[in-house]
2 protein chains.
Amino acid sequence: MHMVRAGLTADRVTLAGAELADEVGLEHVTMSAVARRLGVKDASLYAHVRSLEDLRGRIALLAADEKTIRIAEATAGRAGKDALVAYANAWRQYAHDHPGRYTATQIPIQIDPELVARAAGPRRAVELTYSMLRAYALQEPDLTDAVRLMRSTLHGFTSLEAAGGFAHARPAEDTWVRCLDALHTLLEHWPTHDEGDST
Amino acid sequence: MHMVRAGLTADRVTLAGAELADEVGLEHVTMSAVARRLGVKDASLYAHVRSLEDLRGRIALLAADEKTIRIAEATAGRAGKDALVAYANAWRQYAHDHPGRYTATQIPIQIDPELVARAAGPRRAVELTYSMLRAYALQEPDLTDAVRLMRSTLHGFTSLEAAGGFAHARPAEDTWVRCLDALHTLLEHWPTHDEGDST
DNA sequence: GAATATTCCTAGGACCCCTAGGTTTTTCCT
DNA sequence: AGGAAAAACCTAGGGGTCCTAGGAATATTC
């Protein structure tokens with residue numbers, strides 16, 4: 001007659017939501033569905049998670065953390081083009097392995113600031129990118145611009161690829177390799193400007 | 001006593017949905033909300049639009065058309081870096097002016113094929129990109145790769161920018177200009193490979 | 001072992017998607 | 001012009017979702 005408890009926790013709820021997102025897509029992650037997966041009534045989740053919006057934010061933070069860890073492991077001990085390729089591949093691979101979690105990172109975020117503060121992922125990710133680009137010896141503000149270009153390109157590519165944006169004519173994989181080559185060359189010959197515009 | 005009709009049509013419903021998306025975000029575009037905006041009961045919309053999913057698809061196609069037209073107008077009569085900058089600015093400006101419509105173009109699309117066939121937007125967009133890059137005299141498959149890199153970078157940048165991905169330290173506008181410079185130089189010095197890898 | 005805090009539940013309101021079938025307006029045909 | 005046919009819009013309602021309020025069962029703490 002002992003009713004055994006499910007042992008819920010904010011993290012366990014978030015994880016269930018993340019798994020569900022990878023399986024059926026983030027837009028189908030609902031309170032009811034997560035509750036069903038955990039063998040619990042939907043109302044029970046609200047003791048651990050403020051709202052569906054909140055749950056989505058937590059999934060996004062989880063994904064950011066996981067992605068950062070993967071990139072850190074992949075780039076450890078590498079430098080220059082080696083590091084660049086490892087960084088980019090880890091990014092893309094994470095998006096492939098966890099499509100639902102990855103799309104969670106794209107949503108215009110409205111997350112509890114207190115949560116964000118505790119999550120090391122995003123901050124760590126920026127540091128990683130900067131140190132990965134160190135080999136190219138760029139000076140500020142070019143370094144910041146290069147970081148942003150990197151993130152834009154990687155995010156754009158994986159995002160378009162996931163949405164089926166590349167027709168089947170040429171394998172996305174081949175384009176990916178060439179784009180990394182191109183980024184590498186670009187970073188080596190970054191067009192530095194004198195601050196004064198000639199207009 | 002004449003009940004005046006709203007004069008609904010698939011296009012008018014789509015437009016109302018698109019406007020709503022820009023105002024309150026695509027995720028808040030609901031059948032009921034669109035119906036309210038049109039002064040109509042939600043059930044009335046189903047005579048013109050198959051479902052909410054269908055409506056979202058139509059908004060995405062509308063956005064693709066509009067964006068393509070803007071880019072076409074902006075790049076008309078330009079070539080080389082001029083054309084590149086005009087193309088990219090038109091893209092980014094559209095995303096700024098119509099954030100809801102723009103995010104509609106990002107969703108992994110599941111649209112009625114018959115609708116897609118009638119919409120000239122996407123096809124036209126690809127042609128535009130190819131002809132814009134013609135000035136750089138790339139040969140296939142480099143041309144396709146360059147097109148994909150362009151789209152990835154532009155989409156990634158505007159998407160990250162919209163999501164608030166760039167901290168306030170350096171104005172996004174400045175980074176944007178530098179990125180366009182970088183893309184231009186990259187396209188001029190595209191790293192062509194001999195087909196055989198030396199491994 | 002009793003008091004307290006926590007976990008999970010039931011009940012229910014408000015909203016949303018979508019279908020079925022009826023009523024009113026418009027269009028079309030002769 | 002008048003009637004038939006088509007289209008536009010409605011009401012009614014089932015089933016799902018999010019979320020709150022408050023109650024019952026289980027852990028935890030002293």
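The chains referred to below are lettered A, B, ... by the order of the sequence lines, with proteins before strands, and numbering in each begins at 1.
Residues satisfying the salt bridge (charged side-chain N to carboxylate O under 4.0 Å, His left out) test with B:D142, not counting sequence neighbours, are A:R178. With sequence neighbours excluded, the residues forming a ring-ring contact (aromatic ring centres under 6.0 Å, His included) with A:W176 are A:F157, listed by chain and number.
Taking atom NE2 on B:H28 and atom P on D:dC18, their separation rounds to 13 Å, with Å as the unit. For the pair A:H48 NE2 and C:dT6 C1', the computed distance is 9 Å after rounding to whole Å. Taking atom CG of residue A:L8 and atom P of nucleotide C:dT7, one finds them 9 Å apart after rounding to whole Å.
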| request: Treat primed atoms plus P, OP1 and OP2 as sugar-phosphate and everything else as base, then score nucleotides 9-19 of chain C 5' to 3': B for base contact with protein heavy atoms under 4.0 Å, S for sugar-phosphate contact only, - for none. | output: BB-----SBBB
N/O donor-acceptor pairs under 3.5 Å from side chains in residues 73-80 of chain B, not counting sequence neighbours:
residue: B:T75; atom: OG1; partner: B:I71; partner atom: O; Å: 2.9
residue: B:T75; atom: OG1; partner: B:A72; partner atom: O; Å: 3.4
residue: B:R78; atom: NE; partner: B:A74; partner atom: O; Å: 3.2

Let me check something: any side-chain donor-acceptor pairs from residues 158-167 of chain A under 3.5 Å, sequence neighbours excluded? List them with distances.
residue: A:T158; atom: OG1; partner: A:Y102; partner atom: OH; Å: 3.0
residue: A:T158; atom: OG1; partner: A:L154; partner atom: O; Å: 3.0
residue: A:T158; atom: OG1; partner: A:H155; partner atom: O; Å: 3.1
residue: A:S159; atom: OG; partner: B:H155; partner atom: NE2; Å: 3.3
residue: A:E161; atom: OE1; partner: A:R92; partner atom: NE; Å: 3.0
residue: A:E161; atom: OE1; partner: A:H96; partner atom: NE2; Å: 3.2
residue: A:E161; atom: OE2; partner: A:R92; partner atom: NH2; Å: 2.9

Distance-only criterion, 3.5 Å: show the donor-acceptor pairs between side-chain atoms of residues 24-31 of chain A and protein atoms not counting sequence neighbours.
residue: A:H28; atom: ND1; partner: A:V24; partner atom: O; Å: 2.9
residue: A:T30; atom: OG1; partner: A:S32; partner atom: N; Å: 2.9
residue: A:T30; atom: OG1; partner: A:A33; partner atom: N; Å: 3.1

